[in-house]
Structures are given as structure tokens and as C-alpha cells.
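Both backbone and side-chain heavy atoms feed into the values below; hydrogens, waters and symmetry mates do not. These numbers come from a predicted model, not from an experiment. Here, residue 1 is the first one in the sequence, and each next residue gets the next number.
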Amino acid sequence: MINVMEHLPSTEAAVTALRAIADEYALEIEVSHDVGADQTSRRSAAGVGVTTDPDGSLPHEAFAEFGGLPRVSVRLYPDDDALITVEGIECPDIPRDDVPAFLRSVFGGLAYVKARRFPPGYRLVVPLPGDRTHKEYVPMILLSPWLSGRVR
């Protein structure tokens, strides 16, 4: 098991952590990799046939989809951050080192949805180590049964 505060120096290290979390929670995981500046999503200006960054490095991006509920996917970017989608709610700019803790909060039942009466609204709240939380606005129309079951 990977420590929640462990530094994940590469996309491959993060994918290994995702696989460990899938095993920990008995979930299926499907991972696809994009390698090279011409393949990764944030390097569209690289040009045709250009595979390395200007510094000579080979960028590596991965997309992982977990089976079961909640529906969770993770896009790991070469820039040390990730986009995590939980039940259709996008949580952008998650530092790569926080991805395992974020997923453990979601799969472990610590994440919840905070409701506000006025003005009406919902936020997905995901606790992270060090008394930090990640909060993301949830449009009422996207309130899935899984999210509705976690409203406080």
C-alpha cells in the first residue's frame, strides 16, 4: 500500500498507486497511456511528429477508469497534476501527490456533498491529509443517486 503522503515523481508511479487503490477497494481499473508530446492532451501545439518537449523529455499522460460506484476516472498529466471526475463532477488541478488520498476519501466513504439552502446549491467535499479539503460545485441536475446519498 502506498503512503498517502508519498511523493509520486512520475505518471507511471501514480498509475502504480491507482492500481494499488483498485486492489485495496476490490475495484476494476482500466488504464490507457499517451506518450509523447504529439499524443498528450496539453501539448497539442507540439506539431506533427514531434514527440519530445523542448527540453528533450518524453511526456507521459495516463487515463484510468475505475469500475463500480461511484463512477470515477483520473487523467494524470505530465505536469504533476490530475483531473479527477467523480460521478460526472470534474475536480481539476489535483496535485499528483494528492491523488491517492483523494481516491481513498471517495472510495472510503469520507467524501460528502454539502447542501446549502439559500442560495440553493451543492458542493462535493473531499477531505485530504493535513486538514485540507477539495470542494467542487455540483449542479443540481448532475446530482446522481450516489451523490444524493451523501448530502449533508
Trainee: So, are Arg71 and Glu65 salt-bridged, with charged N and O less than 4.0 Å apart?
Mentor: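 Salt bridge flag = no for Glu65 with Arg71.
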Trainee: What distance do Leu143 atom CG and Tyr122 atom OH have between them, rounded to the nearest 0.5 Å?
Mentor: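 Taking CG in Leu143 and OH in Tyr122, the distance rounds to 5.5 Å.
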Trainee: Can you tell me how far CD1 of Ile84 sits from OG of Ser73, rounded to the nearest 0.5 angstrom?
Mentor: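 If we round to the nearest 0.5 Å, Ser73:OG and Ile84:CD1 are 9.0 Å apart.
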Trainee: Does a side-chain heavy-atom distance below 4.5 Å link Val106 with Tyr25?
Mentor: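 A side-chain contact under 4.5 Å is absent here.
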Trainee: Could you check if a side-chain atom of Leu83 sits within less than 4.5 angstrom of a side-chain atom of Pro92, using non-hydrogen atoms only?
Mentor: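 The answer is yes; the side chains approach within 4.5 Å.
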Trainee: To the nearest 0.5 Å, how far apart are CG in Asp97 and CG in Asp80?
Mentor: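 One gets 7.5 Å once the value is rounded to the nearest 0.5 Å.
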Trainee: Please answer whether the main-chain N or O of Leu8 pairs with a side-chain N or O of Arg96 as donor and acceptor at a distance below 3.5 Å.
Mentor: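 It does hold such a pair.
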Trainee: With side chain to side chain contact (heavy atoms under 4.5 Å, CB included) as the test, pick out the partner of Leu103 among Val74, Ile94, Val86, Asp98.
Mentor: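 Only one option passes, and that is Val74.
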Trainee: Quick one, His33 and Glu61 - any side-chain contact, counting heavy atoms below 4.5 Å?
Mentor: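 His33 does not reach Glu61 side chain to side chain.
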Trainee: Got Pro100 and Ile21 here, is their nearest side-chain heavy-atom distance under 4.5 Å?
Mentor: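 With C-beta onward as the side chain, the pair touches.
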Trainee: Of all the heavy-atom pairs spanning Ala64 and Val31, show the shortest one and how long it is.
Mentor: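 Residues Ala64 and Val31, closest heavy atoms: CB-CG2, 4.0 Å.
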Trainee: Establish, yes or no, whether the cationic atom of Arg123 lies under 6.0 Å from the six-membered ring centre of Tyr137 and within 45° of the ring axis.
Mentor: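 Verdict for Tyr137: no cation-pi partner in Arg123.
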Trainee: The test is side chain to side chain contact (heavy atoms under 4.5 Å, CB included); show your working for Glu136 and Val126 and say whether it passes.
Mentor: CA-CA 9 Å; Glu136 209 58 54; Val126 181; over 6 Å; no
Trainee: Mind checking whether Phe66 and Phe107 have side chains closer than 4.5 Å, heavy atoms only?
Mentor: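 The answer is yes, as the side chains (C-beta and beyond) meet within the 4.5 Å cut-off.
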Trainee: Could you tell me whether the side chain of Leu124 reaches within less than 4.5 Å of the side chain of His134, counting heavy atoms only?
Mentor: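 Side chain of His134 against side chain of Leu124, heavy atoms only: no contact under 4.5 Å found.
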Trainee: Are Ile29 and Leu76 linked, directly or through intermediate hydrophobic residues, by side-chain heavy-atom contacts shorter than 4.5 Å (ILVMFWY only)?
Mentor: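 Linked, Leu76 and Ile29 end up in one cluster.
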Trainee: When rounded to the nearest 0.5 angstrom, what distance separates CG in Leu18 from CG in Leu27?
Mentor: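 Separation between the atoms: 11.5 Å.
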Trainee: If you round to the nearest 0.5 Å, how far is OG1 of Thr133 from NZ of Lys114?
Mentor: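 One finds 9.5 Å between NZ of Lys114 and OG1 of Thr133.
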Trainee: Applying side chain to side chain contact (heavy atoms under 4.5 Å, CB included) to Leu147 and Ile89, what does each step give before you reach the verdict?
Mentor: CA-CA 10 Å; Leu147 290 168; Ile89 306 305; 3.9 Å; yes
Trainee: Please check: side-chain N/O of Arg116 versus main-chain N/O of Pro119, any donor-acceptor pairing under 3.5 Å?
Mentor: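 Present.
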Trainee: Val99, Leu110: one ILVMFWY side-chain cluster at the under-4.5 Å cut-off?
Mentor: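 Looking at the clustering, Leu110 is in a separate group from Val99.
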Trainee: Closer than 3.5 angstrom, by distance alone: can the side chain of Thr11 be matched with the main-chain N or O of Ala62 as a donor-acceptor pair?
Mentor: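 Checked: no pair found.
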Trainee: Would you compute the distance between atom CZ of Arg152 and atom OH of Tyr112 and round it to the nearest 0.5 angstrom?
Mentor: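 Reported value, rounded in 0.5 Å steps: 5.5 Å.
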